[in-house]
Structure formats: structure tokens, C-alpha cells
J.: 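Got a structure for you, written out below as C-alpha cells; questions coming shortly.
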There are 2 protein chains.
Amino acid sequence: MAINRDGADYLYVQLADDIRRRCRSREWAPDHRIPPITELMAEYQLSDRTVRQAIGLLVDEGLLVTKPGRGTYVCP
Amino acid sequence: MAINRDGADYLYVQLADDIRRRCRSREWAPDHRIPPITELMAEYQLSDRTVRQAIGLLVDEGLLVTKPGRGTYVCP
DNA sequence: CACCATTTGTTCGTATGTATG
DNA sequence: GCATACATACGAACAAATGGT
């Protein structure tokens with residue numbers, strides 16, 4: 001998926017939408033670790049701040065949990 | 001109140017604590033606007049990012065609401 | 001109506017700290 | 001101690017919303 005930078009929507013919202021999609025599609029299954037922030041930065045060509053903001057949104061929603069030093073996981 | 005930078009606690013947590021205190025003490029009463037981010041930055045000598053993080057915490061708690069273009073208000 | 005000042009929102013960059021294994 | 005990975009904190013610029021002139 002490509003991020004649309006033409007003001008269609010905020011980048012972190014677009015990224016959160018795509019992560020939701022990949023979780024629902026079971027590409028990233030429950031209880032498994034999603035790629036680290038550094039990899040998401042490279043894949044989507046976004047800064048760490050934007051990636052963190054998207055993840056923070058999904059953590060608030062209860063879709064993800066972050067474990068310092070371990071990674072970010074999909075909630076069961 | 002002074003922010004303790006000697007690692008006692010995260011700066012944004014200390015700031016959130018102090019804002020809570022000022023709301024509870026009615027220095028900043030319900031339904032009234034608190035100082036804008038720029039003023040809080042100057043008063044506490046913190047970056048805008050740190051101030052926003054503290055405010056975001058309190059918005060999540062339901063203590064504050066932010067209205068773009070208007071300011072940040074204390075919830076009744 | 002257009003314009004401006006104020007205020008919050010988003011985004012990128014960089015450096016250092018903390019937690020886990 | 002070291003490597004990995006998330007967390008905090010500084011700086012900077014531009015965009016968007018609101019209300020008044």
C-alpha cells in the first residue's frame with residue numbers, strides 16, 4: 001500500500017488504516033509481532049514520529065500492545 | 001512549580017501532574033481556557049512537544065478538551 | 001467578502017534514555 | 001557488555017481551524 005501525500009488524509013491516519021487492514025487480513029495474526037518501527041519507517045517511507053503516532057492510535061483502540069525492548073504485538 | 005530535570009520523573013508526567021493540580025485548585029476553573037501551548041512552553045521552559053504530550057494525556061483522561069483554533073479548555 | 005492574528009495539528013530531523021534478552 | 005526495540009525530549013516548519021476586523 002502506498003501513502004498518499006497529496007493531503008487526502010493525515011499520514012498517520014492512512015498508516016493506521018493500513019495496519020488495521022493487515023491485521024484483519026491475518027497477514028499480521030493475533031499474538032504475533034508486527035515489524036519494528038525502523039522497518040515500518042523504511043517500508044512506508046515515513047518518519048519514526050509518524051509511525052509511532054499511528055501505532056499509538058491503534059494501542060488506544062486496543063488493537064496493538066507495545067512491549068518496550070520486545071516489540072509491538074497484535075492483541076488476540 | 002518547577003520541573004525537575006534530574007530524572008526524577010518524565011517531564012511530561014510532571015507537567016501533567018501540575019496541570020491537574022492547578023485544575024483541582026480551581027486556579028483553572030471548569031469551562032475556562034488554560035494558557036496556550038506557547039505560554040506553557042515559556043512558563044515551564046519545555047518544548048512544545050513535551051507540553052502537547054502532557055495535554056494529550058489529560059485529554060485522554062477527560063480532564064481537558066482541545067478546540068483547534070480556539071484553545072484548550074477544562075472539562076466541567 | 002477577503003484578510004489577519006491566534007491557537008492547535010501534523011510532519012520531518014536528531015540525540016539520548018530505558019527495557020529486554 | 002552488547003544488540004535490539006521502544007520511549008522521551010530537544011528543534012523547526014508548515015497546515016488547518018476559528019473568530020474578529
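Order of the sequence lines sets the chain letters (A, B, ...), proteins ahead of strands, with each chain counted from 1. Quick note: numbers below take in every heavy atom, side chains included, and nothing from hydrogens, waters or symmetry partners.
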J.: How close do B:L11 and B:R5 get, counting heavy atoms only, and between which atoms?
T.: CD1-NH2, 4.0 Å

J.: Any side-chain heavy-atom pair from B:C23 and B:V74 closer than 4.5 angstrom?
T.: yes

J.: May I ask you to test the B:Q45-B:I3 pair for a side-chain heavy-atom distance under 4.5 Å?
T.: no

J.: Using whole Å, report how far CZ of B:R33 lies from C1' of D:dG19.
T.: 12 Å

J.: Can you name the side-chain contact (heavy atoms from CB on, under 4.5 Å) partners of B:P35, sequence neighbours left out?
T.: B:W28, B:E39, B:L40

J.: Would you call B:D48 and B:R52 a salt bridge, taking side-chain N to carboxylate O under 4.0 Å as the test?
T.: yes

J.: Hey, can you pull the residues of residues 54-76 of chain A with a non-hydrogen atom under 4.0 angstrom from DNA chain C?
T.: A:P68, A:G69, A:R70

J.: Run the numbers on A:D18 and A:Y44 for side-chain contact (heavy atoms from CB on, under 4.5 Å), then give the verdict.
T.: CA-CA 10 Å; A:D18 202 52; A:Y44 288 95; 2.5 Å; yes

J.: When every nucleotide of nucleotides 9-15 of chain D is labelled 5' to 3' by its protein contacts under 4.0 Å (heavy atoms), B for base, S for sugar-phosphate only, - for none, what sequence of letters results?
T.: BBBB---

J.: Whole-Å distance between C:dT7 P and B:H32 NE2?
T.: 16 Å

J.: Indicate yes or no: does A:E27 engage A:R20 in a salt bridge with an N to O separation below 4.0 Å.
T.: no

J.: Of B:L64, B:L58, B:V59, which meets side chain to side chain contact (heavy atoms under 4.5 Å, CB included) against B:E61?
T.: B:L58

